[in-house]
Structure formats: C-alpha cells, structure tokens
Amino acid sequence: MRVRVWAVCGVVALGLLTTGLSEAWAQRKPPYFASIAATKARMRTGPGRNYPSSWLYQRADLPVKVVEIYNDWRKVEDPDGTQGWMQVALLSSARTALVVGTIVELRDTPRFNGRINWRAAPGVVGRVSKCQRGWCHFDVRGRGGYVEQNRIWGTEPGEELP
C-alpha cells in the first residue's frame with residue numbers, strides 16, 4: 001500500500017513540475033523560436049477561434065518564430081515570413097530549423113574541413129542544438145552533423161544553444 005501511495009505522489013509531483021515548466025515556457029518573452037507540435041495546425045488572422053484561418057500547416061516540427069503573445073495565443077512567423085496567430089497548445093519548445101538556400105553539408109565537427117556526414121536539401125527540417133561560433137548541430141531523424149548557422153532558419157544569428 002505504501003509503495004502505491006508513493007508512486008501516486010511521484011506521478012502528481014511530476015505532473016505539477018511538467019505543468020510548471022510548460023507554463024514557464026508558454027510565458028517566455030518574444031521574440032523566440034518554437035516549433036509546430038501538431039500534425040495539423042491552423043494559423044488564424046487574429047488571436048481567437050472566431051478569426052478565420054489563413055493557413056493549415058500539416059508539418060509537425062516546422063520552426064516558427066513567436067513575435068507576440070496574447071493570452072493562450074501566439075503570433076508566429078513561419079520561415080517564409082507569413083505571420084498569424086496559433087494557440088499555444090499547437091506549439092512546442094523543441095528547437096528545430098529548416099535548411100534554406102542551397103544544399104547544406106552536415107559535418108562531423110563544427111569546422112569547414114570536417115568530414116561530410118550527410119547533405120540536406122532546402123526545406124529539410126531537423127532538430128537543432130549545440131550552436132556555438134556560427135555552427136549548429138543539426139539532426140534529421142538520427143542523421144546529424146554540424147551545419148553553418150546562417151544556412152538554417154530557426155536560430156538568431158550568433159545565438160548559442162546548449
């Protein structure tokens with residue numbers, strides 16, 4: 001019986017911690033980058049369901065830039081520069097990025113002379129981390145490497161990420 005009580009207490013504590021962290025993330029000051037969490041997400045012309053949809057995104061993990069906050073709504077900008085409003089529940093704090101321009105080379109080290117592990121075409125989305133000195137680690141479904149930070153959309157120029 002005691003084990004069960006402790007297990008329930010642990011689950012409740014974890015839930016409260018997770019809720020607190022997600023609320024803290026949801027209250028960040030813009031601008032900041034996020035990603036689309038849902039497989040289908042509507043962008044609206046205003047911060048409410050009564051506003052018409054301007055876009056239907058069908059691409060989870062697409063990076064967006066949050067530029068304004070109104071209650072549970074976020075005004076976001078997509079990689080093409082389109083702006084509109086999304087419910088915060090449709091967004092994730094997971095950092096992703098999109099390849100822009102031409103094909104990029106993902107290297108084994110954050111240097112131009114690093115060995116090329118993979119190549120990614122424009123429009124490819126991946127998880128981004130470890131941004132330092134103009135390079136970021138970019139992972140596309142387990143195939144990762146370092147890419148020049150200015151070749152992806154989803155980080156600020158010179159932004160450092162752990």
Side-chain angles (χ1 to χ4, degrees), residues 10-11 13-43 54-69 72-162:
V11 169
L14 183 61
L16 291 173
L17 178 63
T18 304
T19 301
L21 290 175
S22 62
E23 286 176 8
W25 171 79
Q27 296 304 319
R28 290 181 60 188
K29 299 267 188 240
Y32 62 90
F33 282 95
S35 57
I36 296 177
T39 54
K40 289 186 178 184
R42 292 190 187 280
M43 177 184 277
S54 53
W55 284 99
L56 174 62
Y57 293 90
Q58 298 186 61
R59 188 171 188 184
D61 291 334
L62 184 72
V64 292
K65 186 177 195 175
V66 176
V67 296
E68 195 174 329
I69 295 175
D72 288 341
W73 292 84
R74 302 296 180 263
K75 186 174 188 180
V76 299
E77 180 178 322
D78 72 13
D80 293 328
T82 302
Q83 290 190 357
W85 293 87
M86 292 183 146
Q87 284 187 301
V88 71
L90 299 174
L91 302 176
S92 168
S93 62
R95 291 297 296 268
T96 62
L98 176 101
V99 175
V100 294
T102 60
I103 293 173
V104 297
E105 296 171 336
L106 282 65
R107 299 180 179 276
D108 66 343
T109 59
R111 296 189 315 260
F112 288 109
N113 62 352
R115 187 182 49 119
I116 298 170
N117 290 339
W118 311 98
R119 289 185 173 85
V124 168
V125 172
R127 301 280 174 162
V128 66
S129 62
K130 301 177 191 168
C131 295
Q132 292 182 348
R133 296 183 301 278
W135 290 85
C136 293
H137 191 267
F138 188 68
D139 185 287
V140 181
R141 297 183 182 170
R143 295 180 177 175
Y146 289 90
V147 64
E148 294 172 82
Q149 194 169 16
N150 63 355
R151 305 290 306 277
I152 54 176
W153 190 91
T155 65
E156 292 291 345
E159 179 182 10
E160 293 192 2
L161 294 176

Query raised in the report: Do side-chain atoms of D78 reach the backbone of D80 as a donor and acceptor pair under 3.5 angstrom?
Result: yes
Requested in this report: Tell me, with the steps shown, if R95 and L161 meet side chain to side chain contact (heavy atoms under 4.5 Å, CB included).
Outcome: CA-CA 9 Å; R95 291 297 296 268; L161 294 176; 3.4 Å; yes
Query raised in the report: Under the side chain to side chain contact (heavy atoms under 4.5 Å, CB included) criterion, do T39 and Q58 qualify, and how do the steps go?
Result: CA-CA 5 Å; T39 54; Q58 298 186 61; over 6 Å; no
Under 3.5 Å, which donor-acceptor pairs link side chains of residues 107-117 to any protein atom two or more places apart or in another chain?
from	atom 1	to	atom 2	distance (Å)
R107	NH1	F112	O	3.1
R107	NH1	G114	O	2.7
R107	NH2	E105	OE1	2.5
D108	OD1	R115	N	2.8
R111	NE	N113	OD1	3.1
R115	NH2	N117	OD1	3.1
N117	ND2	G144	O	3.4

Query raised in the report: So, is the end of the R59 side chain (NZ or CZ) under 6.0 Å from the ring centre of Y57 and within 45° of the ring's axis?
Result: no
Query raised in the report: Less than 4.5 Å apart, any side-chain heavy atom of R42 and any of M86?
Result: no
**Report entry** Shortest non-hydrogen contact between G158 and Q149, atoms and distance
**Finding:** N-OE1, 3.7 Å
Query raised in the report: Can you tell if the side chain of K65 reaches within under 4.5 Å of the side chain of V76, non-hydrogen atoms only?
Result: no
Query raised in the report: Looking only at heavy atoms, which two atoms of P162 and S129 are closest? And how far apart?
Result: O-CB, 3.7 Å
Report task. Grab the two heavy atoms, one from A37 and one from A60, that are nearest each other, plus how far apart they are. Result -> O-CB, 4.1 Å
**Report entry** From CG (L98) to CD1 (I152), nearest 0.5 Å
**Finding:** 9.5 Å
**Report entry** Heavy-atom side-chain proximity of L91 to S35 below 4.5 angstrom
**Finding:** no
Query raised in the report: Distance from M43 atom CE to T82 atom OG1, nearest 0.5 Å?
Result: 6.5 Å
**Report entry** Minimum-distance pair of heavy atoms, taken over all atoms of R151 and T102
**Finding:** NH2-OG1, 2.6 Å
Query raised in the report: Which atoms form the tightest heavy-atom contact between A41 and L90, and what is the distance?
Result: CB-CD1, 4.0 Å
Query raised in the report: Do the side chains of T96 and L62 get nearer than 4.5 Å, heavy atoms only?
Result: no
Query raised in the report: Does the side chain of Q132 come under 3.5 Å of the side chain of E160 through a donor N or O and an acceptor N or O?
Result: no
Report task. Please list all pairs passing the disulfide (SG to SG under 2.5 Å) test where one or both residues lie in residues 101-162, with sequence neighbours left out. Result -> C131-C136
**Report entry** Verdict with supporting geometry, Y32 and E156, side chain to side chain contact (heavy atoms under 4.5 Å, CB included)
**Finding:** CA-CA 9 Å; Y32 62 90; E156 292 291 345; over 6 Å; no
**Report entry** Within-4.5 Å side-chain heavy-atom neighbours: V67 and Q83
**Finding:** yes
**Report entry** For the student: nearest non-hydrogen atoms of I69 and P30, plus distance
**Finding:** CD1-CD, 3.8 Å
**Report entry** Spacing of R127 atom CZ and R141 atom CZ [to the nearest 0.5 Å]
**Finding:** 11.0 Å
Report task. State, yes or no, whether a side-chain contact exists between E148 and W135 at a heavy-atom distance under 4.5 Å. Result -> yes
Query raised in the report: Mind checking whether D61 and I36 have side chains closer than 4.5 Å, heavy atoms only?
Result: no
Query raised in the report: Are the side chains of W153 and F33 in touch, meaning some heavy atoms are under 4.5 Å apart?
Result: yes
